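So the structure is just underneath, and the comments pick up after that.
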Number of protein chains: 2
Amino acid sequence: MFADPASTIPDNTGLSALETAVIDFFVSIVRVVGIPKSVAELYGLLYVAPRPLPLDTLMQRLRMSKGSASQGIRLLRSFGAVRSVYVPGERRDHFTAEVELKRLAAGFIREEIQPRLVQGQEKLDHLNHLYETSRPSGPDTAFYDDRIQRLGTWSRRSREVLPLLGEIIA
Amino acid sequence: MFADPASTIPDNTGLSALETAVIDFFVSIVRVVGIPKSVAELYGLLYVAPRPLPLDTLMQRLRMSKGSASQGIRLLRSFGAVRSVYVPGERRDHFTAEVELKRLAAGFIREEIQPRLVQGQEKLDHLNHLYETSRPSGPDTAFYDDRIQRLGTWSRRSREVLPLLGEIIA
DNA sequence: TTTTTTGTTCATTTTTTCTTGAACAGATTG
DNA sequence: CAATCTGTTCAAGAAAAAATGAACAAAAAA
């Protein structure tokens, strides 16, 4: 039987087997989306925490620096994976994990993916301008036309699909 | 007007403005999926190339080492973003870019995403076993049950959605 | 007001990832 | 066969990303 994390580890140090396993899971999948390990750890611990946790509990139990914890929580909050909740009689901020997959996906797409696509679109605008100003001549004109146009299609398509992704998941 | 890349740069060195702009586009968006810059450059150059290119042309024009070019091409081939084509009378391998977004997505999902999800699933199996063997007691049992179960739902959902993603894009 | 608590910022260090280049192996040519 | 060409591998170096910890600011308590 698992020890109750809250009661067994009163000094806020170390992790139970259950907590370790949950965090391990998040660490392994989060690499897919290019998020630092420490951020996955923070989220993982909050995910299995029955009650909101303050920053110093997170840093003590995960053995990470205050700076990492602070920055990690900021990132997680930026796309709504973690919320700060008011705990009566407590001065410190307490954090809790958002567990709705749809919201997690939506927040991540909005904050992490969309901005990159915007940047890509800017590059594409530049490219199109360049291409319209002076098209290459010769036998490969049709080829270049096709390739340039295709990039535009990709860009449009991904902007269409991305918002849908949240819906599909839910 | 653009100079024809093939004719203007006979020494296989340097890039035209068009090529640079296309490569720049790929470099900017490819970071989203955690692929090295050099790989984006290889793909970008092949994408705008009217004819298949051999390895040493790629490395010369992109000014990258033979090792990088070789490894980059291998990665691109592994998920079908680049194919090698036979060029009559040519001894060297020549490469050409796959431009069907659907195939690109499918290959990437199959080779890069799926394996990570499998790894996540293994962690989850371990977690479930741990949890079944010894469930925590106390007032938070229902909470833990919910959280553990939810992970399973996420895992299943993502396995359902991922293959669909290819279809949606097309 | 002074002291303590809480959290942020950012220069530095550490770790991870990417790139290079040289050694190697296989295939082709002379 | 030797010489050349082509491509791969991998140890070492370079670059990029992440984590640390100390200095700082803001808010609350004493």
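Keep in mind the model is a prediction, meaning the values are calculated, not measured. Just so it is clear: chains get the letters A, B, ... in the order the sequence lines come, proteins before strands, and each one is counted from 1.
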Can I get a per-line list of side-chain donor-acceptor pairs under 3.5 Å for residues 68-90 of chain B, giving both atom names and the distance, sequence neighbours left out?
{"unit_1": "Arg77(B)", "atom_1": "NH1", "unit_2": "Ser84(B)", "atom_2": "OG", "d": "3.4"}
{"unit_1": "Ser78(B)", "atom_1": "OG", "unit_2": "Leu75(B)", "atom_2": "O", "d": "2.6"}

Practice item. Please say whether more than 12 non-hydrogen atoms of neighbouring residues, nucleotides or ligands are located less than 6.0 Å from CD in Glu160(A). Key: yes
Could you run down the sub-3.5 Å N/O contacts of the protein with nucleotides 4-6 of chain D?
{"unit_1": "dC5(D)", "atom_1": "O2", "unit_2": "Arg91(B)", "atom_2": "NH2", "d": "3.0"}

Review point. Which pairs with one or both residues in residues 51-72 of chain A pass ring pair (Phe, Tyr, Trp, His ring centres under 6.0 Å), sequence neighbours excluded?
Key: none
Exercise for review: Give me the residues of residues 23-37 of chain B where at least one heavy atom lies under 4.0 Å from an atom of DNA chain D, by number, or none.
Suggested key: Arg31(B)
Review point. Is there side-chain contact between His94(B) and Arg51(B), with at least one heavy-atom pair below 4.5 Å?
Key: no
Check your understanding: What residue pairs, at least two apart or across chains, pass ring pair (Phe, Tyr, Trp, His ring centres under 6.0 Å) with a residue in residues 46-75 of chain A?
Key -> Phe26(A)-Tyr47(A), Tyr47(A)-Trp154(B)
Listed pairs under 3.5 Å, donor-acceptor, residues 119-127 of chain B side chains, sequence neighbours left out:
{"unit_1": "Gln121(B)", "atom_1": "OE1", "unit_2": "Ser155(B)", "atom_2": "OG", "d": "2.6"}
{"unit_1": "Gln121(B)", "atom_1": "OE1", "unit_2": "Arg159(B)", "atom_2": "NH1", "d": "2.7"}
{"unit_1": "Gln121(B)", "atom_1": "NE2", "unit_2": "Asp125(B)", "atom_2": "OD1", "d": "2.9"}
{"unit_1": "Lys123(B)", "atom_1": "NZ", "unit_2": "Asp24(A)", "atom_2": "OD1", "d": "3.3"}
{"unit_1": "Lys123(B)", "atom_1": "NZ", "unit_2": "Asp24(A)", "atom_2": "OD2", "d": "3.1"}

Review point. Leu45(A) and Ile23(A): which non-hydrogen atoms are nearest, and at how many Å?
Key: N-CG1, 3.7 Å
Exercise for review: Would you mind classifying the nucleic acid contact of Ser68(B) as base, sugar-phosphate or nothing, using non-hydrogen atoms under 4.0 angstrom?
Suggested key: base
Point to revise | Remaining members of the apolar cluster that contains Val118(A), side-chain heavy atoms under 4.5 Å | key: none
Point to revise | Pairs involving residues 108-120 of chain B, ordered by first then second residue, that meet salt bridge (Lys or Arg N to Asp or Glu O under 4.0 Å) (sequence neighbours left out) | key: none
Review point. Which parts of residues 71-87 of chain B get close to DNA chain C, meaning a heavy atom less than 4.0 angstrom away?
Key: Gln71(B)
Point to revise | Residue list, ring-ring contact (aromatic ring centres under 6.0 Å, His included) with Phe95(B), at least two apart or on another chain | key: none
Check your understanding: Is it true that Lys66(B) and Asp56(B) have a side-chain N and a carboxylate O under 4.0 angstrom from each other?
Key -> no
Solution key, residues 29-42 of chain B side-chain donor-acceptor pairs under 3.5 Å, sequence neighbours excluded:
none

Practice item. With the side chain counted from C-beta on, respond yes when Leu62(A) and Leu15(A) share a heavy-atom pair under 4.5 Å apart, and no when they do not. Key: yes
Check your understanding: Taking only N and O in the side chain of Ser65(A), is any of them less than 4.0 Å away from OP1 or OP2 of dA19(D)?
Key -> no
Review point. Just the endpoints, please: which first and last nucleotides of DNA chain C, 5' to 3', lie under 4.0 Å from a heavy atom of chain B?
Key: dC18(C) to dT28(C)
